[in-house]
Amino acid sequence: MPDPVLLAQMFALLLAIGAAAGVLAGLLGVGGGIVLVPAFFYAFQTLGYGGPQLMQVCLATSLATIVVTSARSVMSHNRKGAVDWTILKGWAPGIAVGAVLGVLLAAALRSTVLQGLFGVLGLAIGFYLGLGKAHWRLAPEMPRGVRRAVYAPGVGFLSVLMGIGGGSFGVPLMTLHGVAVHRAVATAAGFGMLIAVPGVAGFLLVAVDPAHRPPFTIGAVNLPAFAVVIAMTLLTAPLGVRIAHAMNPTPLRRVFAVFLLLVAGNMLRKALGW
């Protein structure tokens, strides 16, 4: 077993990470998972757990927290009348299908490949957060028909491969199609539920080598990390929602974009063995 002092340090770190992830999920609409996955990865590595399936454990545990965080966030947003249920219901089947396909692929890939994917996609999200303009548009309304049939599974698929909710891909997609940013953030919280529930169900069936998995891991979901983080995100996600409705989050998005670029770049560097 890891050193008790080290475990205490990791417990404190996860509490802080969980608090930050909850605020980010409600405030920026990027989803707490984009912080949790690299945080879990470095925490588990520090505790001495590695192996070719470490990223699967990080993705699965992050998605498990998103089930709870997204539910709390969407309820908070809905009380303010910000959730677009028409978009949510129309996109739900495709997103869920994409999430299941994402689990199937993630279960078959090695940890280093998933690190590389997280790094590349994280850089793309970071550049959009940092350089994207509010007036950018691809179309005046949300895609329908064939375009929705392509985009919706894509959102679920890519989100599962990163262990994140629907905000990182859903919010840009909606704002680029004329949805107001506050409404997009609120609706993307519902995307998170559609991604995380089938994603976690699938990851619970993934077999992880007992020699490399952290203690108390079921399938690929680590229960202690889930419990510690969710205790904080339950408290802080509504705070992020209140801040989002009270201020312009653009300056914070720019700062977070720089942070994300550094984290994603470091993850990609490790995947490439540099």
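All heavy atoms count here, side chains included; hydrogens, waters and symmetry mates do not.
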**Message:** Working to the nearest 0.5 angstrom, can you tell me the gap between M142 CE and T187 OG1?
**Reply:** 8.5 Å

**Request:** Report yes or no: does T175 contribute a side-chain atom to a donor-acceptor pair with the main-chain N or O of P172 at less than 3.5 Å?
**Result:** yes

**Prompt:** If you measure from CG on L36 to CD1 on I164, what distance do you get to the nearest 0.5 Å?
**Reply:** 11.0 Å

**Message:** Between L223 and V200, is there shared hydrophobic-cluster membership here, with clusters defined by ILVMFWY side-chain heavy atoms closer than 4.5 Å?
**Reply:** yes

**Minimum side-chain heavy-atom gap V120-L117 below 4.5 Å** = no

**Message:** So W91 and L173, do their side chains get closer than 4.5 Å, heavy atoms only?
**Reply:** yes

**Message:** Can you confirm whether L101 sits close enough to P153 that some side-chain heavy atom of one is under 4.5 Å from a side-chain heavy atom of the other?
**Reply:** no

**Prompt:** Do you reckon L123 sits in the same ILVMFWY cluster as I34, going by side-chain contacts under 4.5 Å, direct or chained?
**Reply:** no

**Request:** Please answer whether the main-chain N or O of S62 pairs with a side-chain N or O of T65 as donor and acceptor at a distance below 3.5 Å.
**Result:** yes

**Item:** Worked check of side-chain contact (heavy atoms from CB on, under 4.5 Å) between V185 and M174
**Value:** CA-CA 9 Å; V185 169; M174 283 185 273; over 6 Å; no

**Request:** Kindly indicate whether the side chain of V67, heavy atoms from C-beta on, has any atom under 4.5 Å from the side chain of I230.
**Result:** no

**Asked** At what distance, to the nearest 0.5 angstrom, does CG of L88 lie from CE of M193?
**Response** 10.0 Å

**Request:** Identify, with sequence neighbours excluded, every residue that meets side-chain hydrogen bond (donor to acceptor under 3.5 Å, both in side chains) alongside N266.
**Result:** Y42, R269

**Fill in**
Heavy-atom closest pair (L59 atom, G163 atom, distance to 0.1 Å) is CD2-N, 3.4 Å

**Request:** Please lay out, stage by stage, how L63 and I66 fare under the test side-chain contact (heavy atoms from CB on, under 4.5 Å).
**Result:** CA-CA 5 Å; L63 288 172; I66 290 168; 4.3 Å; yes

**Prompt:** Side chain of R213, backbone of Y49: donor and acceptor closer than 3.5 Å?
**Reply:** no

**Prompt:** With a 4.5 Å limit on heavy-atom distance, are the side chains of V57 and F40 in contact?
**Reply:** no

**Request:** Could you give me the CA-CA distance, side-chain angles and deciding distance for V171 and Y128, then say whether side-chain contact (heavy atoms from CB on, under 4.5 Å) is met?
**Result:** CA-CA 11 Å; V171 170; Y128 181 83; over 6 Å; no

**Request:** Only counting residues at least two apart or in another chain, list the ones meeting side-chain hydrogen bond (donor to acceptor under 3.5 Å, both in side chains) with R147.
**Result:** H177

**Request:** Answer with yes or no whether the hydrophobic clustering places L268 together with L260; edges join I, L, V, M, F, W, Y residues whose side-chain heavy atoms lie under 4.5 Å apart.
**Result:** no

**Complete:** Between I87 and F191, the two heavy atoms sitting closest are CG2-CZ, 4.1 Å

**Request:** Please assess V179 against D84 for the test side-chain contact (heavy atoms from CB on, under 4.5 Å), listing each intermediate value before the final yes or no.
**Result:** CA-CA 9 Å; V179 180; D84 191 320; 5.5 Å; no

**Request:** Give the minimum heavy-atom separation between H77 and V83, together with the two atoms involved.
**Result:** CB-CG2, 3.9 Å

**Prompt:** Can you hop from F127 to I125 via hydrophobic side chains spaced under 4.5 Å?
**Reply:** no

**Request:** Drop me the distance from Q56's CD to R110's CZ, to the nearest 0.5 angstrom.
**Result:** 10.0 Å

**Message:** Just verifying a value: how many Å separate S168 OG and L158 CG, rounded to the nearest 0.5 Å?
**Reply:** 11.0 Å

**Request:** Quick one: closest heavy-atom pair of P198 and V100, and the distance?
**Result:** CB-CG2, 4.0 Å

**Asked** Are L272 and V263 in one and the same hydrophobic cluster, where Ile, Leu, Val, Met, Phe, Trp and Tyr link if side-chain heavy atoms are under 4.5 Å apart?
**Response** no

**Prompt:** Going from CZ on F157 to CE on M162, what distance comes out if it is rounded to the nearest 0.5 angstrom?
**Reply:** 13.0 Å

**Any S76 side-chain heavy atom under 4.5 Å of K80 side chain** = no

**Request:** State whether the side chain of D209 and the backbone N or O of H212 hold a donor-acceptor pair below 3.5 Å, judged by distance alone.
**Result:** no

**Complete:** Residues A220 and A60: closest non-hydrogen pair is O-CB, 3.3 Å

**Asked** Which atom names give the shortest non-hydrogen contact between A225 and T61, and what distance separates them?
**Response** CB-CG2, 3.9 Å

**Item:** 4.5 Å side-chain heavy-atom contact, V113 and M55
**Value:** no

